[in-house]
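Quick note on labels: first sequence line is chain A, next is B, and so on, each numbered from 1.
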Amino acid sequence: MKTITRGIVAVMAILALNTGADARAEDYYAGKNLRFIVGFAAGGGYDAYTRTVARYISRHIPGSPSTTVENMDGAGSVIAANHIYNKASRDGLTVGVFDAHNIFNHMMGDASLRIDGRKFLWIGTPSKDSVACAIMGFTGLKSFDDIVKSQKPVKMGATRGGNTVQLPEMMNRWAGAKFNIITGYTGTATIRLAMRAKEVDGACWTWDSMRSTARAMLDAKGDEQMIPFIINGKWEDSEVKNIAQFQEVFKDKDNRHAFTTWNSSNDFARPFSLSPGTPKEVLQIMRKAFAATMKDKDYIADAEKSKLTVEYVSGEEVEKFVAEIYAIPAQVKERLSFTVRKKKS
Amino acid sequence: MLEYLTAFNDGLFRVLPLSAQGTESFLMMMMGMAIGFVVGILPGLGGATTLALMLPFIYNMDPTTAFAFLLGSNAVTATTGDVTSVLFGVPGEGICAATIVDGHPMAKNGEAGRALGAALMSSLVGAVFGAFMLALAIPIVSPLVLSVGSAEFFMLAVLGITFVASLSGENIPKGLIAGGLGLVLAMVGLDPIESVPRFTLEGIWGEDNALFLWDGVSLISVTVGLFAIPEIIDLAVQGTSIAGDSKPGKLGGVMEGVKDTFRHWKLVLRCSAIGAYIGLIPGMGGGPAQWLAYAHAVQSSPDKERFGKGAVEGVLGPGAANNSKEGGSLIPTLAFGVPGSVSMAILLGAFIIQGIVPGPDLLNPAKHLTLTMSFVWIIVITNILTVAICFLFLNQLAKVTFVKGTYLIPFLLFLIYLGGFAVKNSFGDMFLVILFGALGWLMVKFDWQRPPLLLGLVLGGIAENNLFIASRIYGYSWMWHPGVLVIVAIIVAGTLFPYLQARFRRSRASENQSNPEQKTALIKTVAVPPVTRIARVLFAFFLVGILGYVVYEAKFGFGAWEPRAALFPWVVGLPSFLLALYILIQECLRSTREVKVAEYDLVLEPLVEPIVERQRTIAISGWIVGFFVAIWLVGFVPASAIATFLYLKFGAREQWLITVVLAVVCWLFFYGVFDYALQLPFPKGVALEWLPASVTDLRAALLG
């Protein structure tokens, strides 16, 4: 009996000593499972990107761990962001993918976000979003100048928040537009239908999405045609090559700064991150692996087939974006006060 | 015209094994069908998530084969999803919940086979109807879909809400209150116009947990809780099998159900039309079709009191509608690239992967019309095959309802909790299942109807969104839109018609002079025991409290600083609150209740002694909560073994052998299907996190 007890104590001691193992690059991930937690439901853009990355990242991580993707949707990925920040293990085995706008919203004071963007360990992001707005042919208006000159209250369909609401707001406040923002639509798909039904005149969301899901409307002619009139970013596509840029129409310096800060979330859309407190060496392993995946032939082929754009932004660059967001001057932050969700005063 | 027929023909040949390409498509269609079959039957496996997981496999397939695979799976989930609804009262798919209301009581009457036959046959009819509507509607689709603007959408929701009255059974005020409660539940979460948090209870349990309610209360959790949990309690209390004391008879068989479908062919066709039309309207989602069809089945029946107790029409209606909806919802997806549901959104992703642009191209004979027509055939063929295969073993499947209830309970409880968990991979939904389970049981006990609540829940959001959009865009002029006026006419006709029908029948009856005596002879008055009276009053008081809270919040809570967000809650909450007060007073004063002569014997000599009933109810409630705790403590897979073992041994006092065998079977099933094969992200179990690291390492080292 005594021998057995001593034996057990010895085994426990050995194991206890081993739990403080350091993360040697060669075998830290060996035999382990890497969990990706996506803040949105299966089938959406975040999920598609994450699953494609998860398929190929393992071969670039020494030890080739197995990968699983889990959907933790709810509250526009706030739940996932909070989980990664507060509850996920700090051993580098849980990677979070959530809406970059959460960082901006936290900086603006949204208390439902129990995070600090600066403390996340950013691995990188596989894509960027280019915001754009479009209007329907039946309005007779064809460009941003047309819209402002006509002073007609153009109806923009919108969901309850995000790009669809905030972009028209910004143009109303800072560029002299008179958009009538009709919120309440359940998604960009229903807004598109309302545009075809002539219930609303236009909407704002991302060019990445427009060029694939609304292709039929872009290719239509006459009244049925959807005409992009403003965009952020340079594209070769003929529909948007020469239209107005957001930065051009916002004349005031502080307004432009405000837009840049607000838009930076789109410059690192769908970021992958590790929980605060994860060892630096682990972060390095993941950053290297991610960068390699972005150049992986098979990843690029898959992304192309799914019509996912490949626009890699490194973890270091994401850190810079985040730092800039939090370094926003007070008077610029003031300009953006309308983006904060209403709360009890 | 000719091109459409040619495409129709070619579409068929593309999926039949008569050529190399056709054979490949056929095989993938079979594979998809097999997947959809299993996904439909098992609660906790969603059709939409499965579709998302299937997407990567289609990269190297040609379009017809790819969609034979995907659509083959999606098309049959609504068919097999009805199976568990009927047998166990647990919906296999969210859209199959309405089948429980009459399908499961049929199983309890020993007519499981008949209910299954009816559900499957009506599903087949519905699927074929939806598919052919897709084919026929293609030339005229654009104006059809675009005619439903936000104003018309709102009116359709209002029309649906008026169906609440017909679902209320004998007590209209109670039904209206339930409907109002459903509408209020639909408003939990961030409001759709400006993200104002409504009824998210931050004051009670902190902002962190309130986040869970931001997206509202999930329909599946509410449905599973309201219907499945009371069934489990009932099963444990009765102490028998699901079918109770009924003997399996010829009349309960599958073929009888098939005959029922043809006996009531007009109803089946009407409900198929309802389902297809609702599917056609993007944004309605899967919830309304089944409940509106159910309500219509009730409304159009001369004898409404049979419903809820095993009326086969209550199975036929939703069975047809939830399948025809699938065909209908393909139309806006294909014609406009606007998905009508989550599964359609994923199918849209598949189109993008295949490089096909949804829109005119898919309806163009020169381009992809043949592909579109092959969709029609895929839906038809997969459903025919699925139903045929099911018929082979349905009668055997129905025998499950004669298995001892205690053997099934642990398994069913896990399926219920899994169904709740899988909605958002969150414990919160499991908790909602328990909460609504308690509410559902109380509602059954005290004679409150549940379907109106569901109807309110599925339509509330649609009504509110569209009302605000319409008033923003059109001011008041939306009220004169032609579409709106048409729907108002339908509402008026629908409300007046049953009333006129009843009056007509009454005047006919007074000619015969025999009805008054007959009527009183059919009903007996029974005294309500004091304890029950107190309980009924308390429950009514509880409802008054809930609705009072709603009204308070709408006026002084968030309503004080955001009146627009409080408009709907106020408009719905206040009348419901006043009605609830009326019912409260009624319950306080009521000392008798009316019982039908047929059920009178049960009152004199209940199947189970009241004392035993109370004991068993408390016991099973304890186990239901216990299973939840077990899952929370040790995770799904270990709990499936441990909790099953504990329940069978100590709760049901079964023998050792059967206990161990069932515990192992349960564990194997959950581990094998959900953990190993599907890798659902089960949480680890809180207790395991409390163990010191060295012990878990030791465990890992030992287990390799």
### Message
Taking every non-hydrogen pair under 4.5 Å, which of B:S150, B:G461, B:G149 racks up the most with chain A?
### Response
B:S150

### A:I181 versus chain B, the contacting section by heavy-atom distance below 4.5 Å
backbone

#### Entry: Distance (rounded to the nearest 0.5 Å) between B:R472 CZ and A:N180 CG
5.0 Å

### Task
Write out all pairs satisfying side chain to side chain donor-acceptor pair (under 3.5 Å) with one or both partners inside residues 153-162 of chain A, taking only residues at least two apart or from two chains.
A:T159-A:T164

### Query
Considering all heavy atoms of both residues, which atom of B:W214 and which atom of A:V78 are nearest to each other, and what is their separation?
CZ3-CG2, 4.4 Å

### Query
Looking only at heavy atoms, which of residues 206-222 of chain A get nearer than 4.5 Å to chain B?
A:S212, A:T213, A:R215, A:A216

### Query
Within a radius of less than 6.0 Å around OH of B:Y474, do more than 12 heavy atoms belonging to other residues, nucleotides or ligands occur?
yes

### Query
Using a cut-off of under 4.5 Å for heavy-atom pairs, which of B:I346, B:D215, B:D191, B:L51 has the most such pairs with chain A?
B:D215

### Interchain contact, B:F351 with chain A, by part (heavy-atom threshold 4.5 Å)
neither

### Task
For A:F138, look at atom CZ and say whether over 12 heavy atoms of other residues, nucleotides or ligands are found less than 6.0 Å away.
yes

### Between CG on residue B:L55 and OG1 on residue A:T52, distance to nearest 0.5 Å
10.0 Å

### Side chain, backbone, both or neither of A:R55 within contact of chain B (heavy atoms, under 4.5 Å)
side chain

### Task
May I ask you to name which of B:N465, B:L348, B:L190, B:L213 has the most heavy-atom pairs under 4.5 Å with chain A?
B:L190

### Proximity breakdown for A:D302 and chain B, heavy-atom pairs closer than 4.5 Å
both

## Note on the structure
Note: vs chain B, highest number of non-hydrogen pairs under 4.5 angstrom among A:E199, A:R114, A:E70 is A:E199

### Summary
Shortest non-hydrogen pair, B:L211 vs A:A75, comes out as O-CB, 3.9 Å

### Pairwise distance CD1(A:I182) to OG(B:S471) - rounded to 0.5 angstrom
9.0 Å

### Task
Below 4.5 Å from any heavy atom of chain B, which atoms of A:D73 appear? Answer side chain, backbone, both or neither.
both

#### Entry: Distance, nearest 0.5 Å, that separates CD1 of B:I469 from OG1 of A:T190
7.5 Å

